[in-house]
Amino acid sequence: MNHLLKLGDLTEKEILSILNLADQLKYEKKHNIEHHHLKGKTLGMIFAKSSTRTRVSFEVGMYDLGGSALFLSNANTQLGRGEPVEDTARVLSRYLDGIMIRTFDQEEVETFAKYGSIPIINGLTDYAHPCQVLADLMTIREVKNTFKGIKMAFIGDGNNMANSLIVGGIKVGMEVAVACPDSYKPDPDIVKWASESGRFTLTNDIFEAAKDADVLYTDVWASMGEEDEIEVRKKAFAGYQINKELMTAAKPDAMVLHCLPAHRGEEITADVFEAHADEIFEEAENRLHAQKAVMVKLMKD
Ligand code: CP
Ligand code: NVA
């Protein structure tokens, strides 16, 4: 494993090895056990989109690991003014030990990896959000102790979160169901790949997806960059909501997860969100531990 560009590039063994290390790093942080695996290393964090969790967890994560992190916004780098990715990647590779990128086009992240000579981490593209899903898998395993026989249902837009949850969930052995409108399906190649597992369902029916689920997951109806589509999307996604009624279709002890930020009253009701706030904020915390594990795996000498 040289980069984290998408979960499809990782084996089940590699994913589990990241999760095991994340559990260990979480334990060490809670018990104030020093874990300076990346002493003297610097991570560059390139952001073409907004972020709270990703930015803060990577920056704090590098600090915890004995290294440092550099925030590089597209608003004030030459990359944001059109300097080619191919050149930026080669320049930054000479200063930094790793790069985390949040941008629009998955191709940009792949190009960074092709032209750079240091590990590249996808901090979210329109196609994938692998760091989030590693934290999600960590959270699910903490509560359910296993992935085998666990059903995860994703309700809403077939977006970057849906794509990565399908790939991550299927790779670790879960059953995955996605309920979305026809015009907002996940990536067709991912759907085809997941369907071959025999553990994947794609439907318009939120109750079919949620039936006997152990984990219910949702995300915003309009992702970053789609803000001008919100009125059209509000109509298309009406009904694609995690609410009390939908919870009755899932198992009584079902978890509810959300990558955040959440829009109460749209993809999830406020009552269900608050009833599952402990799980959702543990999930947010786990971004820190899971990403530290990714950085150690990729950047440690
Ligand atoms: N879930 C997530 O990636 O949050 P941010 O957009 O705040 O980084
Ligand atoms: N689908 C959302 C996820 C945010 C973490 C977006 O891309 O905006």
Side-chain angles (χ1 to χ4, degrees), residues 4-7 22 43-62 69 71-75 99-109 121-140 154-168 178-181 183-187 190 217-230 232-234 236-237 240-242 256-264 266-268 273 276-277 279-292 294-295:
L4 176 61
L5 308 180
K6 57 185 187 299
L7 292 179
L43 176 81
M45 308 186 299
I46 300 174
F47 284 93
K49 291 176 176 173
S50 303
S51 171
T52 298
R53 281 145 289 270
T54 305
R55 190 231 163 132
V56 177
S57 55
F58 267 105
E59 192 160 338
V60 172
M62 272 309 277
F71 177 69
L72 301 162
S73 163
N74 272 26
I99 296 176
M100 188 285 302
I101 313 166
R102 167 167 289 195
T103 190
F104 294 86
D105 195 351
Q106 177 72 16
E107 194 59 36
E108 188 177 330
V109 176
I121 300 170
N122 180 350
L124 179 147
T125 61
D126 292 344
Y127 173 74
H129 198 359
C131 293
Q132 177 68 51
V133 171
L134 289 170
D136 300 338
L137 295 176
M138 179 181 177
T139 312
I140 292 167
F154 179 88
I155 309 296
D157 188 13
N159 59 14
N160 43 11
M161 280 310 312
N163 287 338
S164 292
L165 284 165
I166 296 168
V167 176
V178 172
C180 63
S183 320
Y184 296 95
K185 285 183 186 162
D187 178 82
I190 290 179
Y217 201 115
T218 190
D219 183 20
V220 290
W221 290 343
S223 286
M224 289 182 276
E226 297 169 344
E227 289 81 359
D228 57 345
E229 296 174 26
I230 187 62
V232 178
R233 284 173 169 266
K234 273 185 181 170
F237 288 103
Y240 286 85
Q241 182 187 65
I242 300 187
V256 174
L257 295 179
H258 193 307
C259 55
L260 303 174
H263 290 176
R264 291 165 176 80
E266 292 182 15
E267 76 276 4
I268 190 165
F273 184 94
H276 291 271
E279 288 154 10
I280 293 168
F281 292 111
E282 194 72 23
E283 173 191 16
E285 179 189 319
N286 285 341
R287 292 291 305 276
L288 173 67
H289 311 300
Q291 283 157 201
K292 282 164 70 178
V294 169
M295 290 191 285

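Numbering of ligands and ligand atoms starts at 1, following listing order.
- Given atom 7 (O) of ligand 1, the protein heavy atom at minimum distance is T52 N, 2.7 Å.
- Proximity to L124 (heavy-atom distance under 4.0 Å) selects the following atoms of ligand 2: 3 (C), 4 (C), 5 (C), 7 (O).
- Taking distance alone, with nitrogen or oxygen atoms compared against 3.5 Å, H129 stays at or beyond that limit from ligand 2.
- Using a 4.5 Å heavy-atom cutoff, the side chains of M100 and T54 are in contact.
- Atoms of ligand 1 lying under 4.0 Å from at least one heavy atom of C259, given by number and element, are 1 (N).
- Protein heavy atom in closest approach to atom 8 (O) of ligand 2: M224 N, 2.8 Å.
- Considering all non-hydrogen atoms of both residues, T218 and I155 come closest at OG1-O, 2.7 Å.
- Side chains of H289 and E285: a donor on one and an acceptor on the other come within 3.5 Å.
- When non-hydrogen atoms are compared, ligand 2 lies under 4.0 Å from neither the backbone nor the side chain of D157.
- Shortest non-hydrogen contact noted between M62 and L43 is CG-CB, 3.7 Å.
- The residue from S164, G123, S223, A262 that puts a heavy atom closest to atom 2 (C) of ligand 2 is S223.
- Here the heavy atom of the protein found nearest to atom 2 (C) of ligand 1 is R287 NH1, 3.2 Å.
- Side-chain contact, Q106 with N160: no donor N or O sits under 3.5 Å from an acceptor N or O.
- For the pair S164 and L7, the tightest heavy-atom approach, listed with the atom from each and the gap, is O-CD1, 3.7 Å.
- No side-chain donor from either of E283 and T139 sits under 3.5 Å from a side-chain acceptor of the other.
- The N/O atoms of N160, backbone and side chain alike, include one that comes under 3.5 Å of an N/O atom in ligand 2.
- Of the N or O atoms in P261, none lie within a sub-3.5 Å distance of an N or O in ligand 1.
- Residue M224 has no N or O atom closer than 3.5 Å to an N or O atom of ligand 1.
- Looking at L260 against ligand 2, only its backbone comes within 4.0 Å, counting heavy atoms.
- Proximity to H129 (heavy-atom distance under 4.0 Å) selects the following atoms of ligand 1: 2 (C), 3 (O).
- Closest of all the heavy-atom pairs between Y127 and N163 is O-ND2, 3.0 Å.
- D219 OD2, 3.6 Å is the protein heavy atom nearest to atom 3 (C) of ligand 2.
- Nearest protein heavy-atom contact of atom 4 (O) of ligand 1 is R53 NE, 2.8 Å.
- In this structure, Y184 has its ring center at least 6.0 angstrom away from the ring center of Y240.
- Minimum interatomic distance between V133 and G168 (heavy atoms only, all atoms of both residues): CG1-CA, 4.3 Å.
- In this structure, the protein non-hydrogen atom closest to atom 6 (O) of ligand 1 is R102 NH1, 2.8 Å.
- Proximity of L260 to ligand 1, defined as any heavy-atom pair under 4.0 Å, is confined to the backbone N, CA, C and O atoms.
- With rounding to the nearest 0.5 Å, the separation of CE in M161 from CD in Q132 is 5.0 Å.
- Geometrically, ligand 1 and R55 share no nitrogen or oxygen pair separated by less than 3.5 Å.
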